[in-house]
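We name chains A, B, ... by the order of the sequence lines, and we start the count at 1 in each one.
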Number of protein chains: 2
Amino acid sequence: MRHGITHFKDLLGGEGYSWTRARSAVLTVLTTVPRPLRAEEIHRALRDPRINLSSVYRALRLFESLNVVHRVELGEGAARYELADDYRDHHHHLVCDACGRIEDVAACPVEAAGLTRHIRKRTGFAVRSHVLELFGLCRPCRRDAR
Amino acid sequence: MRHGITHFKDLLGGEGYSWTRARSAVLTVLTTVPRPLRAEEIHRALRDPRINLSSVYRALRLFESLNVVHRVELGEGAARYELADDYRDHHHHLVCDACGRIEDVAACPVEAAGLTRHIRKRTGFAVRSHVLELFGLCRPCRRDAR
DNA sequence: TCGATTTTGCAAATTATTTGCAATATTCGC
DNA sequence: GCGAATATTGCAAATAATTTGCAAAATCGA
């Protein structure tokens, strides 16, 4: 787990990429807001009219390829993005079907159950990563439903 | 776990929906092919020029709302669809990063670990459903990689 | 600082999916 | 089985998220 915006600058530099206004701004937002954001939301959060939405998309794509950012798909039509596991503890999401709020959970049953090993033994498939999203009702919405 | 195309006919009828060529054909494909298919693939599999792709989308949307079909998103751009848990044993997918092949796994660490209860106790969030997809290399591709 | 290279803004293209509407199919009562 | 009432479909056009071409602007390395 590495910290600081300057780390990303070095990382990009090391890979031959420039440290630009758009890239730096997108990373600032992602390191600041602790939940997965849509490209559109990130763009709005930049509050910099000089930066175009396309550049946000381009930055996100680059960061994804460098394993700095992780794409989260919750079936909403638009994808969300958050810092990858290397820069944030591994976690999953609790998505409220009623209000849409997204909470994190640290518990990971894939690791806990040793599922990866089980699958490799049984099927020969080598699991490298997984996506786990949990849907239901958050506490406030559960209360309202009564 | 109910079987047979006629069951679906009764189900649709019971909900006030018609049993149409498009709906019947889409369900036939989904009950026949044991892996999640894209709308486009389902449409091609119908081999019926009288049925329009829009009708496939409309049928899928209806089936989703009736819990007959389940949407699967693997980050490919297009969604995939398969029979819902009520008509097929609960399972997850092993998606090969190299060749794209999709295998099923019956093992479910969310159920096994009692994660739902754990989360409810800890956070008050009531989990109703979950999405778990596993990515990596299938056995053939793992061999080729060597 | 300067030129070479990379990146960006902007507008237009792309792709999956949805929708309006007139035409067609299905259903239901007789 | 028949025909009216209703639901669904085909088709073409609309959407919405994301990508891309290209000339202009920013960044980098010497």
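- With distances taken from any side-chain atom of B/Y81 to the nucleotides D/dT18, D/dT8, C/dT17, the minimum falls on C/dT17.
- Rounded to whole angstrom, the span from the CD atom of A/E15 across to the P atom of C/dT5 amounts to 20 Å.
- The closest side-chain donor-acceptor pair between A/E103 and A/H91, if any, does not fall under 3.5 angstrom.
- The distance between atom CD1 of A/I42 and atom P of D/dT18, rounded to the nearest whole Å, is 10 Å.
- Salt bridge status for B/D104 with B/R88: present, with a side-chain N to carboxylate O gap under 4.0 Å.
- Residue B/T20 is classed as a sugar-phosphate contact, given heavy-atom separations below 4.0 Å to backbone atoms only.
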Only distances under 3.5 Å count here; give the side-chain donor-acceptor pairs of residues 68-76 of chain A to other protein atoms, sequence neighbours excluded, each with its distance to 0.1 Å.
residue: A/R71; atom: NE; partner: A/E64; partner atom: OE2; Å: 3.3
residue: A/R71; atom: NH2; partner: A/E64; partner atom: OE1; Å: 3.0
residue: A/E76; atom: OE1; partner: A/R80; partner atom: NE; Å: 2.7
residue: A/E76; atom: OE2; partner: A/R80; partner atom: NE; Å: 3.4
residue: A/E76; atom: OE2; partner: A/R80; partner atom: NH2; Å: 3.2

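- The distance from atom CD of A/E64 to atom P of D/dT19 is 9 Å, rounded to the nearest whole Å.
- Taking hydrophobic clusters as Ile, Leu, Val, Met, Phe, Trp and Tyr residues chained together by side-chain heavy-atom distances below 4.5 Å, B/L137 does not share a cluster with A/L115.
- Between B/Y17 and B/P49, the residue anchored closer to the 5' end of DNA chain D is B/Y17, taking for each the nucleotide with the nearest heavy atom.
- The side chain of B/N52 lies closest to D/dG10 when the candidates are C/dT27, C/dT17, D/dG10.
- Checking D/dC28, D/dA17, C/dT17 against the side-chain heavy atoms of A/A78 singles out D/dA17 as nearest.
- Between the CH2 atom of A/W19 and the P atom of C/dT5 there is a distance of 24 Å, given to the nearest Å.
- Toward the 5' end of DNA chain C, the nearer of the two residues B/R58 and A/S54, judged by each one's closest nucleotide, is A/S54.
- Separating the CD atom of B/E40 from the P atom of C/dT17 is a distance of 10 Å, rounded to the nearest angstrom.
- Nucleotide C/dT7 holds its P atom 12 Å from the CZ atom of A/R61, rounded to whole Å.
- Rounded to whole Å, atom P of C/dT8 lies 12 Å from atom CG of A/L46.
- Nearest nucleotide to the side chain of B/S18, out of C/dT18, C/dT17, D/dT8: D/dT8.
- If you find the closest nucleotide of DNA chain C to B/R80 and to B/R21, the one lying nearer the 5' end belongs to B/R80.
- Across the protein-nucleic acid pair, A/R50 atom CZ and C/dT7 atom P stand 18 Å apart, rounded to whole Å.
- A close approach under 4.0 Å does not occur between any side-chain nitrogen or oxygen of B/Y57 and OP1 or OP2 of C/dT18.
- Look at A/R23 and you'll find a side-chain N or O under 4.0 angstrom from OP1 or OP2 of C/dT7.
- Side-chain heavy atoms closer than 4.5 Å link hydrophobic residues (I, L, V, M, F, W, Y) into clusters, and following such links, possibly through other members, connects B/Y87 to B/L30.
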